[in-house]
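So the structure is just underneath, and the comments pick up after that.
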Amino acid sequence: MFKIGDDILFQEPAVSGRRLRRSVVVATAEDAISVRFVGKPFEFAVDQEALMYFTPKREFMQQIGRITAIEVADTPVNPEENEVEDRGPIFVLEPIGDPISAESRQYYRVSTISARIEARFGKGARLQVQDLSATGFAVLSDERFSVGQLVDVAIRHEDESCHGKVSIQSLRELESGKLRYGLRAIEEDPHARNFLKTLHHISLAVQREQLARTGAA
């Protein structure tokens, strides 16, 4: 999917960060890509997850990448244009999961405030799920995480329950000081099949309940 010379934007790895910085693909392998930033790079570390944005086919996409190595190179990527820093580090990344659209939601997300669905998120206590779709959900938490970070979760609704890993796709700090996290199930997690199946069942159940209350069912 990636080729040498492609642009990839990375989001700043901080809770309150919204800045993006551009990088250029300098090498590709079967399961990895190597990039070098245009200008000063973010302070990434090995094993850190990063949220990257790119445009493969006219649609703005996003995907999580895990830093597997940081290499120091002494030669410029593009000596003629001199666009990329001559001696900047090269970051080797392993893409995680499948890319998804960064322009709009791919699945209908239903509000679950009245459904009283709870989830265990990270090391915290059970939290009320704010909304939910077939691929993820949102919670309010006091814990601090970064966009792109992977977190263990468990969720239950009546007789349906599941657990797995999610990636933090978005976050917003509220006036109360709490953080609202938008989470997406990681499809390559060992529990992913059951996780996604159960999320889908819960989403449909909540939609049926809401339709029944409004008399539309």
Side-chain angles (χ1 to χ4, degrees), residues 1 11 15 31 47-53 59-66 94-174 178-217:
M1 179 174 59
Q11 183 161 316
V15 169
D31 299 316
D47 290 332
Q48 183 176 354
E49 287 90 23
L51 185 59
M52 45 189 191
Y53 297 93
E59 183 178 9
F60 197 44
M61 306 292 288
Q62 66 182 31
Q63 188 172 13
I64 303 298
R66 180 182 292 114
E94 173 193 6
I96 299 174
D98 296 323
I100 63 171
S101 173
E103 297 178 349
S104 61
R105 296 178 188 261
Q106 290 183 307
Y107 294 90
Y108 176 70
R109 185 162 290 203
V110 59
S111 173
T112 56
I113 300 284
S114 61
R116 298 186 181 278
I117 300 174
E118 292 185 332
R120 178 181 55 77
F121 176 58
K123 298 180 180 179
R126 289 190 175 275
L127 305 171
Q128 185 176 4
V129 175
Q130 304 295 299
D131 59 45
L132 179 139
S133 76
T135 58
F137 55 94
V139 295
L140 300 183
S141 175
D142 293 320
E143 287 191 78
R144 295 266 170 176
F145 297 99
S146 300
V147 169
Q149 191 169 346
L150 302 185
V151 183
D152 292 316
V153 300
I155 187 170
R156 175 182 293 276
H157 175 250
E158 297 182 348
D159 295 331
E160 297 272 13
S161 64
C162 56
H163 67 279
K165 285 186 180 294
V166 294
S167 65
I168 296 177
Q169 298 293 100
S170 65
L171 63 88
R172 180 164 57 93
E173 188 163 3
L174 306 180
K178 287 186 176 293
L179 295 165
R180 189 182 195 280
Y181 291 102
L183 313 171
R184 180 175 183 268
I186 296 297
E187 297 178 7
E188 293 183 356
D189 182 74
H191 304 290
R193 181 174 297 179
N194 180 61
F195 192 12
L196 292 170
K197 180 179 179 180
T198 305
L199 283 178
H200 182 61
H201 286 172
I202 294 175
S203 177
L204 290 177
V206 174
Q207 291 179 56
R208 286 195 296 268
E209 291 171 4
Q210 292 182 353
L211 288 171
R213 284 199 299 270
T214 60

Gap between atom CZ of Arg184 and atom CG of Leu199 - 0.5 Å precision: 11.5 Å
Minimum heavy-atom distance between Gly65 and Met52, given as atom pair plus value: CA-CE, 4.0 Å
Which residues share a salt bridge (Lys or Arg N to Asp or Glu O under 4.0 Å) with Arg66, sequence neighbours left out: Glu49, Glu94
Inter-residue atom distance Leu179.CG - Leu140.CG, 0.5 Å rounding: 9.0 Å
Atom pair CG (Leu171) and CZ (Phe145), whose distance is rounded to the nearest 0.5 Å: 11.0 Å
Sub-4.5 Å side-chain heavy-atom contact between Tyr181 and Val166: no
Nearest-0.5 Å distance that lies between atom CZ in Arg144 and atom CD in Gln149: 12.5 Å
Contacts of Glu118 that satisfy side chain to side chain donor-acceptor pair (under 3.5 Å) - sequence neighbours left out: none
Test applied, side chain to side chain contact (heavy atoms under 4.5 Å, CB included); reference residue, Ile155; option that passes from Val139, Thr198, Val129: Val129
From CD1 (Ile202) to CZ (Phe137), nearest 0.5 Å: 9.0 Å
Asp142 vs Lys178, side chain to side chain contact (heavy atoms under 4.5 Å, CB included): CA-CA, chis, key distance, verdict: CA-CA 5 Å; Asp142 293 320; Lys178 287 186 176 293; 3.2 Å; yes
Straight-line distance of Leu150 CG to Ile64 CD1, nearest 0.5 Å: 7.0 Å
